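Note that the coordinates shown come from a computational prediction; the quantities given were computed from them, not determined experimentally. Note on naming: letters A, B, ... go to the chains in the order of the sequence lines (proteins, then strands), and numbering restarts at 1 for each one.
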Amino acid sequence: MLELRFIRENLDLVKEKCGRRGMAADRLDEFSRLDHKRLALLTEVEALKNIRNTASKDIAMLKSGPEKAKADALILEMRETSRKIKDLDTELADIQIGLQEIVMTIPNLCDDSVPVGRNDSDNIEVKQWGEKPVFSFPPKPHWELGEDLRIIDFERAAKLSGARFSLLTGFASRLDRALTNFMLDLHTQRNGYTEVLPPFLVNSASMTATGQLPKFEADLFKIKDWDLYLIPTAEVPVTNIFRDETLDEKDLPIKFASFTPCFRSEAGSYGKDTRGLIRQHQFTKVELVKFTTPETSTRELELLLADAESVLQLLGLHYRVVTLCSGDLGFSATKTYDIEVWLPGQQAYREISSCSNFLDFQARRGSIRYRPEGQKKSRLVHTLNGSGLAVGRTLLAVMENYQQEDGSIAVPKVLEPYFETRF
RNA sequence: GGAGAGGUGGCCGAGUGGCUUAAGGUGCACGCCUGGAACGCGUGUGUACGCAAGUACCGUGAGUUCGAAUCUCACCCUCUCCGCCA
């Protein structure tokens with residue numbers, strides 16, 4: 001969420017930046033109208049409350065003194081004042097709700113380095129790493145490999161749960177687990193992250209702080225009769241760890257690595273990526289989350305990207321990095337890099353990580369602050385996160401890139417230790 | 001699911017309708033004292049909105065009242081015991 005005062009003072013800029021995202025900005029005029037009304041009402045009601053507070057003290061004194069009649073007169077007068085206050089407070093509350101509804105649905109301002117564009121075709125490639133592997137045979141997509149090797153079973157998964165679920169067996173399951181452990185070990189032992197295992201169900205306050213609610217409820221799975229949602233990413237519980245808290249500057253940056261399942265309804269993606277592991281209702285992911293000072297978040301985004309890239313580099317998988325254009329940018333982000341891994345079975349680059357800086361957008365919604373060294377006033381932290389990486393997509397990337405002519409799949413060198421444990 | 005206890009500042013803890021501007025302690029910061037420290041003494045010590053005056057905030061929300069940390073109702077959370085359970 002943006003600061004109320006900032007929107008008030010920079011209305012045209014906010015409108016223009018919403019426009020860059022392809023978002024209608026007409027609600028901002030309604031914002032102005034309500035904001036003005038709110039300030040006027042607030043002034044009025046606060047003046048009345050001041051009168052009442054003063055009178056209350058007077059009544060207390062008069063009652064204990066000889067002029068009790070004066071107290072009765074004042075009480076009568078205040079009865080009317082209190083009634084007015086109550087009415088104004090009610091009106092004010094309605095306006096606050098209206099304002100809140102608007103403010104909570106205004107996206108973050110995109111960074112000026114973000115290219116203006118409409119959709120993913122306008123994203124800008126910023127770098128490539130490695131090269132496309134050369135095959136002496138036509139490489140298969142992973143769903144064929146998985147079915148041929150009897151290690152991924154989509155049909156039985158559909159029986160259990162429906163479309164967009166998968167059942168990994170034997171080698172695929174083992175490889176998935178190896179990848180997960182490899183990623184966590186890399187981020188905790190080499191990249192300096194603290195491992196955290198959070199709840200997979202969170203309440204609506206948490207979903208609101210990170211920006212999934214109120215606007216994107218349709219993308220979430222909700223538990224019936226409970227104020228609980230299945231997390232769509234570990235970003236939600238991990239960012240919310242410090243909700244309503246004030247951190248010490250000397251503890252920043254705080255870096256968490258978190259392995260969790262993720263659940264997404266994929267509403268609105270009917271017919272998209274229906275084959276294979278690419279787009280599932282349930283998948284696992286190692287997520288990296290950072291809390292930083294405002295001064296360092298821009299640089300921390302680059303470091304976060306490098307940490308995510310390190311996974312693919314060690315696995316020897318070719319990829320490219322793109323900067324998301326304004327129209328493709330997520331609601332809460334000011335800037336996002338996507339890492340896209342090369343999939344030879346599909347002859348395409350596919351997103352495997354998304355690294356974003358949110359500035360103070362989530363911190364304001366969740367009231368996550370820090371106290372600068374030696375200063376009295378606290379400030380909002382900046383939050384960042386990125387996949388490091390989506391495990392299912394990494395699994396399929398390894399399958400497609402490491403497939404052999406005989407239909408088997410080689411184990412990447414760096415994963416060999418994870419296959420060594422034997423009983 | 002049943003019964004009970006509780007939720008007050010960074011922490012502990014007092015506070016059953018109005019000199020509460022939340023006592024007192026502790027922690028923290030600064031100063032004095034000291035060769036330096038400890039002890040001692042003094043001062044300061046939350047958040048949001050607002051240029052400010054001010055307003056709001058004692059788990060959350062509603063209510064009673066001229067006035068609520070304090071009274072009423074609902075809810076949430078924590079702890080203890082019982083039941084059930086991986």
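- Residue A:Leu41 contributes atom CG, which lies 18 Å from atom P of B:rU55 at whole-angstrom precision.
- Contact detail for A:Ser310 and A:Asn191: the closest heavy-atom pair is OG-ND2, 3.5 Å.
- For B:rC84 and B:rG24, the C1' atoms lie 46 Å apart once the distance is rounded to whole Å.
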Would you tabulate the pairs of protein nitrogen or oxygen atoms and nucleotide nitrogen or oxygen atoms of nucleotides 65-69 of chain B closer than 3.5 angstrom?
residue: B:rC66; atom: OP1; partner: A:Arg79; partner atom: NE; Å: 2.9
residue: B:rC66; atom: OP1; partner: A:Arg79; partner atom: NH2; Å: 2.7
residue: B:rC66; atom: O4'; partner: A:Ile75; partner atom: O; Å: 3.3
residue: B:rC66; atom: O3'; partner: A:Ser82; partner atom: OG; Å: 3.0
residue: B:rG67; atom: OP1; partner: A:Ser82; partner atom: OG; Å: 2.7
residue: B:rG67; atom: O4'; partner: A:Ser56; partner atom: OG; Å: 3.3

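- Both A:Ile51 and A:Met61 lie close to RNA chain B; mapped to their nearest nucleotides by heavy-atom distance, the more 5′-ward contact belongs to A:Met61.
- Across all strands shown, B:rG35 has no partner, as no Watson-Crick or G-U wobble contact with both distances under 3.5 Å is found.
- In this structure, CG of A:Leu62 is placed 14 Å from P of B:rC19, rounded to the nearest angstrom.
- Electrostatic pairing of A:Lys222 and A:Asp227 does not count as a salt bridge here, judged by no charged N lying under 4.0 Å from a carboxylate O.
- You'll find the side chain of A:Leu384 stays beyond 4.5 Å of the side chain of A:Phe291, heavy atoms only.
- Salt-bridge annotation for A:Arg33 and A:Asp29: absent, with no side-chain N of the basic residue lying under 4.0 Å from a carboxylate O of the acidic one.
- For A:Phe361 and A:His382, the distance between ring centers is not under 6.0 angstrom.
- Nucleotide B:rA3 has B:rU80 as its partner under the Watson-Crick or G-U criteria, with both atom distances under 3.5 Å.
- B:rU16 sits 16 Å from B:rU65 when the C1' atoms are compared, rounded to a whole Å.
- Remark: B:rU20 base-pairs with no nucleotide in the shown strands. Criterion, Watson-Crick or G-U wobble with two distances under 3.5 Å.
- Between A:Gly388 and A:Val311, the shortest heavy-atom distance links the atoms O-CG2, 3.9 Å.
- The partner of B:rC75 is B:rG59, judged by Watson-Crick or G-U wobble contacts that both fall below 3.5 Å.
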Annotated protein contacts, base or backbone, on nucleotides 46-54 of chain B with a non-hydrogen cut-off under 4.0 Å, one of B, S, - each: SSSSSS--B
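- Rounded to whole Å, the distance from CH2 on A:Trp226 to C1' on B:rC76 is 12 Å.
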Result block: side-chain N/O donor-acceptor pairs under 3.5 angstrom for residues 95-106 of chain A, not counting sequence neighbours:
residue: A:Gln96; atom: OE1; partner: A:Arg38; partner atom: NE; Å: 3.2
residue: A:Thr105; atom: OG1; partner: A:Glu101; partner atom: O; Å: 3.1
residue: A:Thr105; atom: OG1; partner: A:Ile102; partner atom: O; Å: 2.9

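- The pair A:Arg379-A:Asp360 does not meet the salt-bridge criterion, since no charged nitrogen lies less than 4.0 angstrom from a carboxylate oxygen.
- Between the C1' atom of B:rA56 and the CG atom of A:Leu88 lies a distance of 15 Å, rounded to the nearest Å.
- Atom C1' of B:rG61 sits at a distance of 28 Å from the matching atom of B:rC11, rounded to the whole Å.
- Applying the Watson-Crick and G-U wobble criteria (two distances, each under 3.5 Å), B:rU64 pairs with nothing in any strand.
- B:rU43 and B:rG54 are spaced 26 Å apart, taking the C1' atom of each and rounding to whole Å.
- Shown here, B:rG42 forms a base pair with B:rC30; the pair counts as Watson-Crick or G-U wobble because both key distances fall under 3.5 Å.
- B:rG25 sits 8 Å from B:rG13 when the C1' atoms are compared, rounded to a whole Å.
- Under the Watson-Crick or G-U wobble criterion, with both distances below 3.5 Å, B:rG50 has no partner in any strand shown.
- Look at CG on A:Asp227: it is 13 Å from C1' on B:rC77, rounded to the nearest Å.
- With A:Asp153 contributing its side chain and A:Glu147 its backbone, the two residues share no donor-acceptor pair below 3.5 Å.
- Between B:rA62 and B:rG17, the two P atoms lie 24 Å apart (nearest whole Å).
- Counting only heavy atoms from C-beta outward, the side chains of A:Val322 and A:Tyr337 never approach each other to under 4.5 Å.
- Distance noted for atom C1' between B:rG9 and B:rG15: 14 Å (whole Å).
- Nucleotides B:rU60 and B:rC77 are separated by 10 Å at their C1' atoms, to the nearest Å.
- Without hydrogens or angle criteria, A:Ser82 side chain to A:Arg79 main chain gives no donor-acceptor distance under 3.5 Å.
- Rounded to whole angstrom, the span from the CG atom of A:Asn203 across to the P atom of B:rC75 amounts to 19 Å.
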